[in-house]
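To start, the structure under review is shown below, and the notes come after it.
Just so we're on the same page: letters track the sequence lines, and every chain starts at 1.
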2 protein chains.
Amino acid sequence: MHSKITDTLKKHQLSVTDSRKKILSFFLQSGNALAHADIEHKSGTEFDRVTIYRTLQTFVEKGIIHTIPTADNSIRYALCKDECVEGHHHDDHVHFICDECGTTYCLDHVSVPKVKLPKGFKAAQTDLVVSGTCNNCEK
Amino acid sequence: MHSKITDTLKKHQLSVTDSRKKILSFFLQSGNALAHADIEHKSGTEFDRVTIYRTLQTFVEKGIIHTIPTADNSIRYALCKDECVEGHHHDDHVHFICDECGTTYCLDHVSVPKVKLPKGFKAAQTDLVVSGTCNNCEK
DNA sequence: TACAACAGTGCAACAATGTTGCAAAATAAT
DNA sequence: ATTATTTTGCAACATTGTTGCACTGTTGTA
Ligand SMILES: [Mn+2]
Ligand SMILES: [Mn+2]
Ligand SMILES: [Zn+2]
Ligand SMILES: [Zn+2]
C-alpha cells in the first residue's frame, strides 16, 4: 500500500523521509501556496529549519513545487502540476496574492499571455502575479 | 539654480538631504533597476545601511521609485514615470531580468495585458516579470 | 532479515538582511 | 537667527539564509 505522498516522492527519485512526507502533506492539505515561514510554523519543532530550506530547494529542483515571485522578500511555493519534471517546469499560470488575508493562489485556469519583447530580448520564463482582494475576502 | 534631483525631491515634499540626493542620482545614472545591495556597494561607507532602507522605503511611498518582484528574495527598485504620486503608482509596464548579467530592465513600452480573473477576485495591481537573455547578452 | 552503500538530517557556527529606539545632526519654517 | 521638525547614525536586536560535518535513516542487495 502506497500513499499518494510516497508515490510522488518516489516518482521524482527521492528517498522517502519523514520531513519530506510531512512538508509535502502541508502543500496537499493547504491547496494554496506556502512560504518557508508557514511551513516552519506548521511543523513546530518537528524538524530543523535547515531541513525545510533543503527540502524546499530539492522539491523545486525535482519539479514538485514551483516558486512565486513577490515584492515583499518572501518567496511562496506551490505544488506543480504533473507535467513538471526535474529541470523543466510547466507552470504558466497566473498567481494571485490577496492583500487582505495574504493567501497566495495558483489560478491554474488563467494562463499567462505571451508578451512581445524588444529586439534582442529572449524570454525564458514569464511570471504574472496579480494582487488585490480574493473571493474569500470580498466585502 | 535647482538640479533635476533637488526638484524631484521637492516635488514630492521631501527634505533635500545628502543621502536622498545621492541615492536618487544612482537611479538616474544607472537607468536600470537597483537592489538594496547595489546601492550599498555604490555608496561605500558614505551613509548608513539603515538610511538606505529608510530612503528606499520613503521613495516608494512617495512614488519616486517602484518595486519589482523577483523569485530570488531580492527586491529591485526602479524610477517611476512622472505620473506616479504618493499612494498611487502607474507602473503598468513589463519588467525583464537577465539571467546572464542580472540586469533588471523596465520595458516602459511593453504594457501589462489585462487578465480575466475568476469570480470574486479583484485586481489591485498586476506585475509581469519576464526572465531570459537581454539584448546585451544575446549570443 | 542483515549488511553495506548512500542520502538526508540536526546541530553549530556563521553571514546576510532587515527592524527599532533614541540621541545627535541636518533641514525647514518662522 | 532661532525654533520646530525631520532625518540620520549608531547600537542592539530579530529574522532569514548558508555551510561543514558527524550522525542517523533509507535503500538496494544478498
Ligand atoms: Mn502556481
Ligand atoms: Mn519599472
Ligand atoms: Zn483573501
Ligand atoms: Zn544581460
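- Between the side chains of A/Ser30 and A/Asn32, no donor-acceptor pair of N or O atoms lies under 3.5 Å.
- With rounding to whole Å, B/Asp48 atom CG is found 15 Å from C/dT17 atom P.
- Within the 4.5 Å cutoff, the side chain of A/Lys21 has heavy atoms near those of the A/Thr6 side chain.
- Sorted by first and then second residue, the side chain to side chain donor-acceptor pair (under 3.5 Å) pairs with a member in residues 36-51 of chain B read B/Lys22-B/Glu46, B/His36-B/Glu40; sequence neighbours excluded.
- With hydrogens and angles left out, the side-chain atoms of B/Thr104 and B/Arg76 include a donor and acceptor closer than 3.5 Å.
- An OP1 or OP2 oxygen of D/dG9 is reached within less than 4.0 angstrom by a side-chain nitrogen or oxygen of B/Thr51.
- Across all strands, A/Thr58 comes closer than 4.0 Å to no nucleic acid atom at all (heavy-atom distances).
- Under the 4.5 Å side-chain criterion, counting only non-hydrogen atoms from C-beta, B/Leu128 is not in contact with B/His95.
- Atom P of nucleotide C/dA7 and atom NE2 of A/His12 are separated by 18 Å, given to the nearest angstrom.
- Comparing the helix axis at one end of the helix from C/dT1-D/dA30 to C/dT30-D/dA1 with that at the other, each defined from 5 consecutive pairs, gives an inter-axis angle of 40° (nearest 10°).
- Nucleotide C/dG10 holds its P atom 9 Å from the CG atom of A/Asp18, rounded to whole Å.
- Looking only at side-chain heavy atoms (C-beta outward), A/Thr133 and A/Asp99 stay at 4.5 Å or farther from each other.
- Minimum heavy-atom separation, B/Ala71 to A/Pro69: N-CB, 3.7 Å.
- Put simply, NE2 on B/His41 is 9 Å from P on C/dA16, counting in whole angstrom units.
- When rounded to the nearest whole Å, the span between CG of B/Asp38 and P of C/dT17 equals 11 Å.
- Between C/dT27 and B/Thr17, no contact under 4.0 Å exists linking OP1 or OP2 to a side-chain N or O.
- Checking the phosphate oxygens (OP1, OP2) of C/dA7, no side-chain nitrogen or oxygen of A/Ser15 falls inside 4.0 Å.
- Taking OG1 of A/Thr67 as the reference point, atom CZ of A/Phe59 lies at 15.0 Å (rounded to 0.5 Å).
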Worked verdict on A/Thr58 versus A/Thr55 for side chain to side chain donor-acceptor pair (under 3.5 Å): CA-CA 5 Å; A/Thr58 302; A/Thr55 302; over 6 Å; no
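- Straight-line distance from the CG atom of B/Leu24 to the P atom of D/dT7: 15 Å, rounded to whole Å.
- Residue B/Lys10 contributes atom NZ, which lies 11 Å from atom C1' of C/dT27 at whole-angstrom precision.
- Taking atom CD1 of residue B/Ile39 and atom C1' of nucleotide C/dA16, one finds them 17 Å apart after rounding to whole Å.
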Below 3.5 Å between N/O atoms, which protein atoms pair up with nucleotides 15-22 of chain D? Just atom names and distances, please.
residue, atom, partner, partner atom, Å
D/dG17, OP1, B/Asn73, ND2, 2.3
D/dG17, OP2, A/Tyr53, OH, 2.7
D/dG17, O5', A/Tyr53, OH, 3.4
D/dG17, N7, A/Arg49, NH1, 2.9
D/dG17, O6, A/Arg49, NH2, 3.2

